[in-house]
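Shown next, in structure tokens, is the structure this report addresses.
Throughout, numbering of the chain's residues begins at 1 and tracks the sequence. Order of appearance sets the numbers: ligands from 1, and atoms from 1 within every ligand.
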Amino acid sequence: MAFTIAIDGPAAAGKGTVSKAVAAHFGFAHLDTGLLYRAVGAKMLAGVEPVEAAKTLLAEDLEVDGLRTPEVAQAASKVAVMGEVRAALVDFQKAFARRAGGAVLDGRDIGTVICPTAEAKLFVTASAEVRAERRYLELVEKGHEISREAVLADVKERDARDMERAEAPLKPAEDAVVIDTSAMNIEEAVAEAIAAIEARRDA
Ligand code: DC
């Protein structure tokens with residue numbers, strides 16, 4: 001049986017952690033769609049034309065090191081504005097969403113464009129300041145030398161580009177349950193997400 005859980009939201013809101021925990025809870029497969037755009041962004045930084053990179057993307061391109069850096073995140077946000085790049089990645093995401101056994105996809109446009117008929121939709125968000133602080137601590141832990149101000153500026157720049165683009169802009173689907181994690185820890189956010197999905201499933 002196919003059952004799709006769409007989880008959208010801005011950078012560093014906790015989508016990734018919530019999505020992994022939700023997928024584990026329900027025993028569903030999980031796709032971090034940001035990784036597709038990051039892989040294309042990384043190829044662009046390496047000199048490959050982005051549309052060509054998207055059309056020829058392979059599963060192993062998602063496993064290369066270095067996709068989680070701020071530079072690649074910015075490049076991902078830039079290639080994500082291109083309609084042809086998005087179009088090249090649609091079929092793979094749609095097929096994943098309807099796979100047998102259930103799927104969790106997290107990204108920016110899953111509930112609005114990739115899977116508007118998803119059985120459950122969440123929009124996981126938090127204030128820009130809280131998201132930047134979380135991302136800052138994560139980057140410092142990984143050994144990156146970066147300032148809080150630079151991370152906040154980066155988060156705000158990416159938010160603006162992701163929300164203002166013409167194609168598939170970041171916004172909650174009309175029927176999405178919005179979860180603001182600003183004042184929540186991971187356990188609380190996950191519990192809230194699971195409760196919202198179970199409520200949809202049982203409705
Ligand atoms: O979720 P993330 O930070 O890994 O995403 C990186 C960039 O990719 C993000 O700034 C915008 C883009 N993206 C997108 O446009 N649509 C998606 N479904 C997922 C990511």
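- Residue contacts with ligand 1, taken as heavy atom pairs separated by less than 4.0 Å, involve Arg158 solely via side-chain atoms from C-beta onward.
- With hydrogens and angles ignored, the 3.5 Å screen pairs a side-chain donor or acceptor of Arg131 with a backbone N or O of Ala11.
- Residues Val151 and Tyr136 come closest through the heavy atom pair CG1-N, 3.9 Å.
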Query raised in the report: How far apart are the C-alpha atoms of Arg134 and Glu138, what are their side-chain angles, what is the distance that settles it, and do they pass the salt bridge (Lys or Arg N to Asp or Glu O under 4.0 Å) test?
Result: CA-CA 6 Å; Arg134 288 180 190 156; Glu138 219 174 272; over 6 Å; no
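- Checked against a 3.5 angstrom limit, the closest N/O atoms of Asp32 and ligand 1 fall outside it.
- Ranking protein heavy atoms by distance to atom 19 (C) of ligand 1, first place goes to Thr33 OG1, 3.4 Å.
- The closest protein non-hydrogen atom to atom 16 (N) of ligand 1 is Arg86 NH2, 3.1 Å.
- When hydrogens are left out, the protein atom nearest atom 4 (O) of ligand 1 is Arg38 NE, 2.5 Å; that is the closest non-hydrogen contact.
- Contacts of Arg161 with ligand 1, taken as heavy-atom pairs under 4.0 Å, are absent altogether.
- A salt bridge is defined here as a Lys NZ or Arg NE, NH1 or NH2 lying under 4.0 Å from an Asp or Glu carboxylate O, and Asp154 with Arg148 fails to meet this definition.
- For Asp109, a nitrogen or oxygen atom sits less than 3.5 Å from a nitrogen or oxygen atom of ligand 1, counting backbone and side chain alike.
- The closest protein non-hydrogen atom to atom 1 (O) of ligand 1 is Arg108 NH1, 2.9 Å.
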Which side-chain N or O atoms in residues 93-102 pair as donor and acceptor under 3.5 Å with protein atoms at least two apart or in another chain?
unit_1	atom_1	unit_2	atom_2	d
Gln93	NE2	Leu89	O	3.0
Arg98	NH1	Thr4	OG1	2.7
Arg98	NH1	Glu119	OE1	3.3
Arg98	NH2	Glu119	OE2	3.4

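- Other residues, nucleotides and ligands contribute at most 12 non-hydrogen atoms within 6.0 Å of the CG atom of Asp65.
- Backbone and side-chain nitrogen or oxygen atoms of Asp106 are examined, and none is located within less than 3.5 angstrom of a nitrogen or oxygen of ligand 1.
- Ala80 CB, 3.7 Å is the protein heavy atom nearest to atom 12 (C) of ligand 1.
- One N or O on the side chain of Ser19 and one on the backbone of Lys15 form a donor-acceptor pair closer than 3.5 Å.
- Under 4.0 Å from ligand 1, the heavy atoms of Arg165 that appear belong solely to its side chain.
- Taking 4.0 Å as the cut-off between side-chain N and carboxylate O, Arg86 and Asp109 count as a salt-bridged pair.
- Listed by number with element, the atoms of ligand 1 under 4.0 angstrom from any heavy atom of Ala76 are 6 (C), 7 (C), 8 (O).
- Between Tyr37 and ligand 1, no N or O atom pair is found at a separation short of 3.5 Å.
- Between Arg108 and Asp162 a salt bridge is recorded (basic side-chain N to carboxylate O distance below 4.0 Å).
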